[in-house]
Amino acid sequence: MEKTYDPKPIEDAWYQKWLSSGLFHADADSAKPSFSIVIPPPNVTGSLHMGHAFNNTFQDIMCRFKRMQGYNVLWLPGTDHAGIATQNVVERQLAKEGTSRHEMGREAFVERVWKWKQQYGETISSQQKKLGNSCDWDRERFTLDDGLSRAVRTVFVRLYKKGLIYKGKYIINWCSRCHTALSDIEVEHENENGRFYHVRYPFVGEEGSVVIATTRPETIYGDVAIAVHPRDEKNRHLVGKQVRVPLGGRVIPIIEDNMVDPEFGTGCVKITPAHDPNDFLVGQRHGLPQIQVIDGEGIMNANAPELENMPVAEARKKAAQLLGQSGSLVREEEIEHSVGHCYRCRTVVEPYLSEQWFVRTKPLAEAGIDAVRRGEIRFVPEQWEKTYYQWMENIRDWCISRQLWWGHRIPAWTCGECGHITVSEMDPTCCEKCGGTNIHQDEDVLDTWFSSALWPFSTLGWPDTTKELSAFYPTSLMVTGFDIIFFWVARMIMMGLEFMGREPFRDVYIHALIRDEVGQKMSKSKGNVIDPLDMIDRYGADALRLTLASLTVQGRDILLSPAKIETYRLFMNKLWNASRFALANLDDTERSWKEHIASLRMHDCWILKRTSEVAIETEKLLGGYFIGESARSLYDFVWGEVCDWYLELAKPALRGEEGGARRQASMAVVEYVFRHVLLSLHPFIPFVTEELWRNFGFTTSLIEENVWSIDPVDTPEQNDVKESMTVFQEIVRVLRNLRAEARIAPQQKVHRVFLQTSQQEIASLVTANRDLVELLVKAEEVSLSSAKPTGCLASSFAGGQAFLYVGDLLDIPNEISRLRTELESVEKDIATSTSKLNNEKFVSRAPREVVDQERTRLSESEAKRRRIRENIESLE
RNA sequence: GGGCGACUAGCUCAGUGGAAGAGCGCUUCCUUCACACGGAAGAGGUCACAGGUUCGAACCCCGUGUCGCCCA
């Protein structure tokens with residue numbers, strides 16, 4: 001074994017071995033209980049970013065843990081066709097080649113995207129393999145593959161027949177760059193500086209005018225009414241009057257509608273049904289016309305003659321100018337207002353009137369709410385239920401049609417003869433109503449999230465009845481970020497309940513976001529991206545995984561930096577070297593510590609007990625998805641207890657200095673410790689643990705099923721040693737501290753150490769372990785002493801006193817002042833304890849053990865004070 | 001406007017009622033036969049602020065402030 005751990009050759013080799021072993025493959029016929037996760041499918045255009053790495057690490061930890069426990073684990077991988085994103089990527093490519101999708105035509109374009117997919121679609125899965133994902137790659141799926149497309153069609157047709165999908169002309173969010181409709185949640189609102197234009201609309205046939213305020217004067221051409229609130233005292237008298245639109249000059253009525261906020265501005269608002277969602281509703285209620293003035297390109301049309309052919313931004317300025325010239329512009333003010341942007345390309349989204357397909361979500365959402373209420377689905381952490389309910393209770397219909405070419409084309413055919421729409425799973429040859437053959441399929445494709453919503457069952461073979469569905473649905477766990485609760489989680493729940501009659505997953509773990517070290521979202525434009533592959537290359541996948549796991553805290557974002565990953569890289573090296581040391585002291589014989597009970601010393605019993613406790617704790621924590629707590633406790637245990645204390649204490653015995661029986665016993669303990677440590681750590685850091693496991697010669701492989709077996713340590717001998725060990729550690733610390741005070745170089749041995757105690761247990765502890773105190777404090781001789789020795793530095797521990805002999809080197813004034821400092825701190829403790837115990841309420845109301853503990857503490861402190869005072873006196 | 005979260009050592013963060021913890025950084029010392037990617041020791045905190053509940057509060061409750069996010 002190398003002295004320094006090098007992850008690269010080990011990680012690559014083990015991943016290949018795992019793949020060829022076939023142990024990542026889940027057997028649908030297995031009799032074992034199943035544990036299943038479907039991966040959140042990354043965009044096929046994507047490459048692995050830190051968010052994926054975190055999300056996948058979490059799932060892999062759970063999958064490996066469950067597999068070790070003997071579950072039939074399915075972790076189903078796959079990718080999403082990502083309509084807009086993928087189409088954008090290929091379109092950019094075409095632009096570079098000097099062509100466009102419109103020039104190519106639909107069929108050629110779609111073919112081109114498929115070609116692109118074949119070429120680059122493997123990128124992300126190969127990166128997931130680098131991370132160590134134990135996915136069932138035989139079952140990898142793609143949202144546009146044949147099976148999933150069939151599921152999409154089936155769902156569409158059934159929802160349509162049930163009246164839950166409809167087509168209609170409504171105001172939707174339109175991205176004029178992507179050239180498609182977007183659903184409400186695909187719009188990101190941001191506060192931006194804008195201008196508020198106060199515009200005068202003169203009455204027709206009488207003097208006077210009303211003033212309304214708008215941020216969008218270019219839409220004035222589309223105004224069809226002015227509205228006031230029906231209970232608005234100051235404006236109610238206006239209702240029924242008519243005004244002239246200051247641009248275009250049409251005459252429009254003043255109406256009343258509850259939508260108007262009478263407190264806002266003048267209490268009068270313009271109604272532009274074709275370009276504002278609220279105005280659209282008002283227009284419907286009042287039977288008003290819809291006048292469209294902006295087209296799908298974001299360009300003004302002929303309904304705004306003076307602005308025709310201008311893009312919106314330019315038209316806005318021009319409109320303001322025209323209003324100014326005609327004296328209609330009362331004033332302008334700077335305001336901050338919320339502006340919607342396309343979540344894919346950041347273009348400002350226009351409310352746009354067009355014919356689209358929608359899912360009627362209310363009934364689906366109600367079932368989804370109930371499923372969570374009834375506890376069939378559990379959010380972890382629980383708080384996210386609130387977010388979910390809030391959205392589901394106020395859900396709006398889902399616009400599912402997209403004016404793209406890459407995606408599932410809507411299975412609806414309009415008849416050229418009778419206008420009837422035929423919706424069908426199989427491509428129809430004629431209109432189902434009139435039999436006419438002049439039918440034409442809808443040009444639009446479905447929202448990518450429509451197919452993602454089916455992912456937990458479409459990937460398992462639905463709509464067929466498959467073994468996979470009965471074995472793995474409902475899945476056990478969904479792991480995802482809070483940013484897609486609405487996009488994905490809620491919709492999977494609705495679709496799963498509707499089509500499978502069961503929830504798609506039992507638990508949904510919502511994790512935080514990964515940010516950079518100053519808390520900013522990572523983004524290419526900010527240049528603060530930490531590339532997981534780069535990190536794997538530099539520090540190894542294990543180090544990255546353990547970092548992500550350790551930094552996980554429920555409900556808090558993770559601030560990541562390479563320096564943090566480096567810290568965990570050091571842990572790999574520590575584990576590697578501790579193992580290297582252990583291996584150098586073991587042989588091929590298997591041993592059980594139980595056969596060597598008579599030869600076990602305190603520290604052996606202590607580490608056996610601790611190892612057992614930590615392994616059991618790991619099991620419990622992982623069962624509750626507490627991967628952060630679990631990772632941190634293992635890290636601390638391995639470094640702080642196994643390495644810092646146990647291995648140091650075991651060295652003499654392993655070298656044979658304590659005799660043959662002790663050597664055998666220590667070997668057995670070391671074996672036990674490493675077996676359990678490697679087992680517990682494997683879900684987090686599979687590569688290095690697997691390599692070490694093999695080096696130790698423990699069974700075959702850590703990914704074998706049922707390998708998780710904890711051999712609990714629960715005998716009385718082992719249970720009683722924790723306190724003794726604590727005393728022992730304190731004695732060692734106190735003496736090391738004295739060495740440092742005396743400026744004794746670390747490698748230099750001190751001659752004599754005296755320990756004084758009035759407690760029998762401590763005396764026998766010291767007697768039994770004096771060699772180990774000598775070892776750890778580098779002393780030639782440690783002895784119990786009842787008399788106060790001279791020429792010594794002194795310090796107290798709980799239950800006694802430690803003396804370090806320095807002879808003539810004793811700097812008396814310095815020692816006195818050091819003891820005085822120690823005395824001060826003890827006095828403080830005494831004061832605290834005394835005041836507590838003098839408080840009658842404390843004594844009567846606090847639990848007995850707390851009061852007892854306080855009494856013990858006080859008497860211990862008083863004993864300490866007495867000793868320190870004696871020491872000071874003896875020096876003065 | 002509504003909601004959620006955060007505020008603890010110089011930095012990043014653990015810590016859900018019983019005497020404040022880790023990693024990094026800092027100071028001092030050390031190449032001892034697992035590891036200098038290491039070891040030993042140390043300094044460093046009014047737990048944002050103000051009230052309250054409690055024998056006892058970083059922790060529970062109520063405000064205030066600052067920052068971040070989501071929804072409208």
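Lettering follows sequence order; numbering is per chain, from 1. Every heavy atom of this structure was used, including side-chain atoms; hydrogens, water molecules and symmetry mates were not.
Taking the six-membered ring for Trp and the full ring otherwise, A:Phe486 and A:Tyr388 have centroids separated by 6.0 Å or more. For A:Phe571 and A:Tyr5, the ring centers are positioned 6.0 Å apart or more.
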Please list, for nucleotides 7-11 of chain B, all pairs of protein and nucleotide N/O atoms separated by less than 3.5 Å.
from	atom 1	to	atom 2	distance (Å)
B:C7	OP1	A:Arg556	NH1	3.1

Might you list the N or O atoms of the protein lying below 3.5 Å from N or O atoms in nucleotides 42-48 of chain B, with each pair's distance?
from	atom 1	to	atom 2	distance (Å)
B:G42	OP1	A:Asn737	ND2	2.8

Between the protein and nucleotides 29-34 of chain B, which nitrogen or oxygen pairs are less than 3.5 angstrom apart?
from	atom 1	to	atom 2	distance (Å)
B:A34	OP1	A:Lys651	NZ	3.4
B:A34	O3'	A:Arg580	NH2	3.3
B:A34	O2'	A:Asn577	OD1	2.8
B:A34	O2'	A:Arg580	NE	3.4
B:A34	O2'	A:Arg580	NH2	2.6
B:A34	N7	A:Lys651	NZ	3.2
B:A34	N6	A:Cys643	O	3.4
B:A34	N6	A:Glu648	OE2	3.1
B:A34	N3	A:Asn577	O	3.2
B:A34	N3	A:Ala578	N	3.2

What does the list of N/O pairs under 3.5 Å between the protein and nucleotides 70-72 of chain B look like, with a distance for each?
from	atom 1	to	atom 2	distance (Å)
B:A72	OP1	A:Arg396	NH2	3.4

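A salt bridge links A:Lys651 with A:Glu648: at least one charged nitrogen is closer than 4.0 Å to a carboxylate oxygen.
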With a 3.5 Å cut-off and sequence neighbours excluded, list the donor-acceptor pairs that the side chains of residues 740-752 of chain A form with protein atoms.
from	atom 1	to	atom 2	distance (Å)
A:His751	ND1	A:Glu780	OE1	3.0

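Contacts of residues 819-833 of chain A with RNA chain B (heavy atom under 4.0 Å): A:Asp829, A:Thr832, A:Ser833.
By the 6.0 Å and 45° rule, A:Arg545 does not stack over the aromatic ring of A:Phe58.
Across the C1' atoms, B:C61 and B:G10 are found 33 Å apart, a figure rounded to whole Å. Comparing the same atom, C1', in B:A6 and in B:G42 gives a spacing of 32 Å after rounding to whole Å. Atom name P, nucleotides B:C26 and B:C69: the rounded distance is 33 Å, in whole Å. Taking atom C1' in both B:G25 and B:C13, the straight-line distance is 14 Å, to the nearest Å. Across B:U31 and B:C35, the matching C1' atoms stand 12 Å from one another, rounded to whole Å. Taking the C1' atom of each, B:C71 and B:U8 are spaced 31 Å apart, rounded to whole Å. Going from the C1' atom of B:A43 to that of B:G1 covers 50 Å, rounded to whole Å. B:C59 sits 15 Å from B:A9 when the P atoms are compared, rounded to a whole Å.
Within the 4.0 angstrom heavy-atom criterion, no nucleotide atom of any strand lies near A:Ala563. Using a 4.0 Å heavy-atom distance criterion, A:Thr567 is classed as a sugar-phosphate-only contact. Nucleic acid contact for A:Arg733: sugar-phosphate only, since backbone atoms but no base atoms lie under 4.0 Å from a heavy atom of the residue.
The nucleotide whose nearest atom lies closest to any side-chain atom of A:Ala846 is, among B:A19, B:G15, B:G18, B:G18. The listed nucleotides are B:A41, B:G5, B:C13; the one nearest the side chain of A:Val553 is B:C13. Looking at the side chain of A:Lys564, the nearest of the listed nucleotides B:C37, B:U12, B:A14 is B:U12.
Using cut-offs of 30° and 60° for the angle between ring planes, the A:Phe696 and A:Phe674 rings count as parallel. Aromatic ring pairs are classed by plane angle as parallel below 30°, tilted from 30° to 60° and perpendicular above 60°; the pair A:Tyr343 and A:Phe487 is parallel. Ring geometry for A:Trp645 versus A:Phe728: interplanar angle over 60°, hence perpendicular rather than tilted (30 to 60°).
Helical stems in RNA chain B, defined as runs of 3 or more consecutive Watson-Crick or G-U wobble pairs with both donor-acceptor distances under 3.5 Å, are listed by first residue as B:1-7 with B:65-71, B:10-13 with B:21-24, B:26-30 with B:38-42.
Distance, A:Arg538 CZ to B:C37 C1': 15 Å, rounded to whole Å. Separating the CZ atom of A:Arg855 from the P atom of B:G18 is a distance of 20 Å, rounded to the nearest angstrom. Rounded to an integer number of Å, the gap from CH2 of A:Trp639 to P of B:G38 is 5 Å. Taking atom OH of residue A:Tyr635 and atom P of nucleotide B:G23, one finds them 7 Å apart after rounding to whole Å. Distance, A:Arg632 CZ to B:U12 C1': 13 Å, rounded to whole Å. Taking atom CZ on A:Arg739 and atom P on B:A40, their separation rounds to 13 Å, with Å as the unit. Following rounding to the nearest Å, A:Leu551 (CG) and B:A22 (P) show an atom-to-atom distance of 17 Å. Atom pair A:Lys386:NZ and B:G5:C1' shows a separation of 11 Å (rounding to whole Å applied).
For residues 828-837 of chain A, the set of pairs meeting the salt bridge (Lys or Arg N to Asp or Glu O under 4.0 Å) definition, not counting sequence neighbours, comprises A:Lys836-A:Glu854. Each salt bridge (Lys or Arg N to Asp or Glu O under 4.0 Å) pair with one or both residues in residues 577-588 of chain A, not counting sequence neighbours, appears once here: A:Asp587-A:Arg591.
Along RNA chain B, the nucleotide nearest to A:Asn573 and the one nearest to A:Gln853 differ in position, and the one closer to the 5' end is contacted by A:Gln853. Nearest-nucleotide positions on RNA chain B for A:Asn839 and A:Asp636 put A:Asp636 closer to the 5' end.
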Given the rule in the side chain to side chain contact (heavy atoms under 4.5 Å, CB included) test, do A:Ile185 and A:Trp391 qualify, once you have shown the distances and angles that lead to the verdict?
-> CA-CA 11 Å; A:Ile185 52 176; A:Trp391 189 71; 3.9 Å; yes
Using the side chain to side chain donor-acceptor pair (under 3.5 Å) rule, take A:Tyr568 and A:Asp542 through it: C-alpha gap first, then chi angles, then the decisive distance, then the call.
-> CA-CA 9 Å; A:Tyr568 292 91; A:Asp542 282 332; over 6 Å; no
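Residues passing the side chain to side chain donor-acceptor pair (under 3.5 Å) test with A:Thr214, sequence neighbours excluded: none. In this view, A:Arg346 and A:Glu188, A:Glu190 satisfy the side chain to side chain donor-acceptor pair (under 3.5 Å) rule, not counting sequence neighbours. The side chain to side chain donor-acceptor pair (under 3.5 Å) check on A:Trp576 picks up nothing, with sequence neighbours excluded.
The closest side-chain heavy-atom distance from A:Leu776 to A:Arg736 is below 4.5 Å.
Exactly one residue among A:Thr4, A:Val688, A:Asp6 makes a side-chain contact (heavy atoms from CB on, under 4.5 Å) with A:Asn573. That residue is A:Thr4.
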